[in-house]
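Worksheet: the structure to be examined is printed underneath.
Positions are given from 1, in the same order as the sequence printed here.
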Amino acid sequence: MQSSQSTSRRSGPLAGLKVVDLTHVMAGPTCTLMLADMGADVIKIEKSPNGDDTRHSVPPKIGEEAASFLMMNRNKRGIVLDLKTDGGKQVLRRLIADADVLVENFAPGAMERLGFGYEDLHKQYPKLIYCSLSGFGRTGPYKHRRGFDLVAQAMSGIMSFTGERPDGPPVKCGPPLSDITAGLLASMGILAAYTHRLKTGEGQWVETSLYEAALVQTYWQSTIALAAGTAPRAMGSAHPLNAPYQAFEASDGWLVVGGANKKHWLLMLEALGASELAADPRFVNGSDRMANLKELEAVLSERFRNQSRAHWLAALDERGVPCGPVHDMLEALSDPQTLAREMVVEVDHSMLGPVKTIGLPVKFSETPGKVLSGAPVYGEHTREVLAEYGFDEAQIEALEKEGAIVSALERREERVA
């Protein structure tokens with residue numbers, strides 16, 4: 001089968017890997033984004049008539065496109081199928097027959113009802129790696145529940161120990177960490193299954209959930225709960241096991257300091273001009289400092305408020321004490337380190353021109369990945385992909401007439417009419 005121009009110029013360690021992407025919103029698209037950024041040819045299949053829900057997560061917009069969709073779906077080719085039609089199912093089966101990986105995050109049981117469950121596909125395509133992301137996984141008493149990041153953060157315990165004080169209300173972490181973590185875990189699982197397939201020729205079912213993704217974010221708090229039989233509570237920015245390891249307010253802003261081990265503790269005191277605290281019986285070692293954390297916070301906070309943030313960062317950095325400013329998002333994205341690591345890049349979008357997006361977080365010395373293309377407009381690559389997979393013009397037109405597919409060309413013609 002001939003590769004299109006868009007796939008033949010892909011770079012990265014996964015160049016040549018073909019992925020059918022049946023995911024939407026956040027967790028699944030994070031998974032396929034990682035694969036696409038590392039070179040895989042990801043064909044994103046959107047539903048008809050409204051597409052991925054993130055197309056409607058506005059504001060903000062860039063031009064007429066939702067910024068959230070643009071972020072999560074760059075480097076992918078996009079087609080639109082109605083899988084309730086015979087034609088839509090026919091197209092999907094042809095894509096799967098040539099795919100290495102299928103990724104889906106449909107509601108529990110939906111893929112089986114459509115005729116694309118793992119058991120059915122594995123019999124026909126035994127080399128296929130089939131990845132499912134869900135709210136709670138495919139087993140257990142909650143397997144039929146739908147999942148959302150908010151629910152995963154609540155049920156995993158995260159919201160019970162996030163916040164400013166132990167008696168405060170439950171607080172959700174700002175980013176959708178269970179969605180993003182589930183996507184990262186799924187991509188890791190796919191690559192492990194791909195390694196197994198290279199050795200044995202066998203595909204398999206890979207699955208993870210938002211609930212499990214949230215639970216793995218609780219390693220330190222789970223350690224305390226399992227070992228001590230107590231449930232950790234909110235501590236603001238402080239660490240549950242080490243001190244001082246938190247944010248402090250300077251005269252003109254906030255910074256964070258990691259002065260938890262003996263070496264960094266003594267160097268931090270030197271930077272603060274407070275070396276006498278090293279002999280204070282409340283703060284001699286780590287367990288003492290944790291036992292007297294409130295007193296420690298009060299003493300250090302008084303010191304930090306006496307000088308500017310820049311003063312303290314310079315003094316701490318000079319001595320090798322881990323520290324940094326508390327940035328807002330605009331400051332973080334314009335930080336020289338962010339730019340030096342190419343974590344903000346521009347990508348050409350077919351309708352919008354250059355669009356800024358987050359870069360690749362994993363670097364490869366020999367096979368670097370690259371952000372090559374912007375997120376597809378609705379149905380942008382439908383005709384291209386179908387032609388690549390052997391559908392002629394008459395067949396494509398028949399599928400459009402059936403409502404099985406939608407192409408960007410068809411949409412433009414509708415607007416003109």
Just how far is it from atom CG of Leu133 to atom CD of Glu212, taken to the nearest 0.5 Å?
10.5 Å
Scanning both residues in full, the closest heavy-atom pair of Val171 with Gly163 reads CG2-CA, 3.9 Å
Val362 vs Asp37 side-chain heavy atoms within contact, under 4.5 Å
no
Considering all heavy atoms of both residues, which atom of Ser11 and which atom of Ala15 are nearest to each other, and what is their separation?
C-CB, 4.5 Å
In Å and rounded to the nearest 0.5 Å, what is the CZ to CG distance from Arg303 to Leu269?
8.5 Å
Between Ile190 and Cys31, does a side chain to side chain contact (heavy atoms under 4.5 Å, CB included) hold up when you go through it step by step?
CA-CA 9 Å; Ile190 287 168; Cys31 168; 3.6 Å; yes
Without swapping roles, check the side chain of Arg309 against the backbone of Trp254 for a donor-acceptor pair under 3.5 Å.
yes
Could you check whether Arg55 makes a cation-pi contact with Phe69, meaning its NZ or CZ is under 6.0 Å from the centre of the six-membered ring and within 45° of the ring axis?
yes
Rounded to the nearest 0.5 Å, what separates atom CG in Leu316 from atom CG in Leu267?
9.5 Å
Side-chain H-bond candidate by donor/acceptor type, Glu270 with Ser275, under 3.5 Å:
no
Ignoring hydrogens and angles, tell me if any N or O in the side chain of Lys363 forms a donor-acceptor pair with the backbone of Arg341 under 3.5 Å.
yes
Test your reading of the model: is there a side-chain donor-acceptor pair from Asn75 to the backbone of Lys370, 3.5 Å cut-off?
yes
Do the non-hydrogen side-chain atoms of Leu352 and Glu65 ever get within less than 4.5 Å of each other?
yes
Minimum heavy-atom distance between Ser373 and Val347, given as atom pair plus value
C-CG2, 3.2 Å
Is there side-chain contact between Val103 and Val19, with heavy atoms separated by less than 4.5 Å?
yes
Flag side-chain contact, heavy atom, 4.5 Å: Thr230 against Ile224
yes
State, yes or no, whether a side-chain contact exists between Cys323 and Val256 at a heavy-atom distance under 4.5 Å.
no
Indicate yes or no for a side-chain donor-acceptor contact from His349 to the backbone of Val355 under 3.5 Å, with no hydrogens or angles considered.
no
For Gln217 and Thr181, test the side chains for any donor-to-acceptor distance below 3.5 angstrom and give the result as yes or no.
yes
Determine, stepwise, if the pair Val80 / Ile45 fulfils side chain to side chain contact (heavy atoms under 4.5 Å, CB included).
CA-CA 6 Å; Val80 178; Ile45 298 173; over 6 Å; no
Is the backbone of Ala315 close enough, under 3.5 Å, to the side chain of Arg319 for a donor and an acceptor to pair up by distance?
yes
Answer yes or no for Arg145 and Tyr142: cation-pi contact, defined as NZ/CZ to six-membered ring centre under 6.0 Å and angle to ring axis within 45°.
yes
Enclosure of Arg146 CZ (heavy-atom neighbours >12, cutoff 6.0 Å):
no
Between Ile158 and Leu177, is any pair of side-chain heavy atoms under 4.5 Å apart?
yes
Is the number of heavy atoms from other residues, nucleotides or ligands under 6.0 Å of Glu295 CD greater than 12?
yes
For a quick check under 3.5 Å, do Arg74 and Thr357 share a side-chain donor-acceptor pair by atom type?
yes
Result for ring-ring contact (aromatic ring centres under 6.0 Å, His included) between Tyr130 and one of Tyr118, Tyr125, Phe116 points to Tyr118
Backbone N/O of Val377 and side chain of Glu380: donor-acceptor pair under 3.5 Å
yes
For Glu276, look at atom CD and say whether over 12 heavy atoms of other residues, nucleotides or ligands are found less than 6.0 Å away.
yes
Assert yes or no for the condition that the ring centre distance of Phe304 to Trp312 is strictly below 6.0 Å.
yes
From the list Thr32, Asn105, Asn73, side chain to side chain donor-acceptor pair (under 3.5 Å) partner of Asp21 resolves to Thr32
How about Asn306 and Ser251: do any of their side-chain heavy atoms sit closer than 4.5 Å?
no
All salt bridge (Lys or Arg N to Asp or Glu O under 4.0 Å) counterparts of Lys47, not counting sequence neighbours
Asp53
One should read off an interatomic distance between Phe283 CZ and Asn292 CG, to the nearest 0.5 angstrom, of 6.0 Å
Please check: side-chain N/O of Thr218 versus main-chain N/O of Leu215, any donor-acceptor pairing under 3.5 Å?
yes
Would you compute the distance between atom CD of Glu46 and atom CG of Asp82 and round it to the nearest 0.5 angstrom?
13.5 Å
Quick check: are there more than 12 heavy atoms from other residues, nucleotides or ligands sitting under 6.0 Å from CD of Glu207?
yes
Side-chain donor-acceptor pair under 3.5 Å between Glu400 and Ser407, yes or no?
yes
When you measure from the side chain of Lys127 to the backbone of His122, do you find a donor-acceptor pair of N or O atoms at a distance under 3.5 Å?
no
What's the verdict on side chain to side chain contact (heavy atoms under 4.5 Å, CB included) for Met188 and Leu184, showing C-alpha distance, side-chain angles and the deciding distance?
CA-CA 6 Å; Met188 178 183 72; Leu184 297 175; over 6 Å; no
Strictly distance-based, threshold 3.5 Å: is any side-chain N or O of Arg165 a donor or acceptor partner for the main-chain N or O of Met235?
no
Side-chain H-bond candidate by donor/acceptor type, Ser178 with Asp149, under 3.5 Å
yes
Do you know which two heavy atoms are closest between Pro240 and Trp220, and how far apart they sit?
CG-CB, 4.1 Å
Begin with the C-alpha distance, continue with both residues' side-chain angles, and end with the deciding distance and a verdict on salt bridge (Lys or Arg N to Asp or Glu O under 4.0 Å) for Lys356 and Glu342.
CA-CA 11 Å; Lys356 288 185 177 180; Glu342 298 183 323; over 6 Å; no
Is any side-chain N of the basic residue among Lys44 and Asp52 closer than 4.0 Å to the acidic one's carboxylate O?
yes
Distance-minimising heavy-atom pair for Leu339 and Leu333:
CD2-O, 3.7 Å
Give me the ring orientation class for Tyr245 and His239: parallel if the planes are under 30° apart, tilted from 30 to 60°, perpendicular past 60°.
perpendicular
Is there a donor-acceptor contact under 3.5 Å from the side chain of Arg282 to the main chain of Leu293?
no
Is it true that atom NE2 of His144 has more than 12 heavy atoms of other residues, nucleotides or ligands lying nearer than 6.0 Å?
no
Distance from Arg233 atom CZ to Gln221 atom CD, nearest 0.5 Å?
11.5 Å
Check: Glu249/Ser301 side-chain N/O donor and acceptor closer than 3.5 Å
no
Show, in sequence, the C-alpha distance, side-chain angles and deciding distance for Thr23 and Thr30, and conclude whether the side chain to side chain contact (heavy atoms under 4.5 Å, CB included) test is met.
CA-CA 9 Å; Thr23 71; Thr30 297; over 6 Å; no
Can you give me the closest heavy-atom contact between Val385 and Arg77, atom names plus distance?
CG2-NH1, 3.8 Å
Got Trp265 and Asn285 here, is their nearest side-chain heavy-atom distance under 4.5 Å?
no
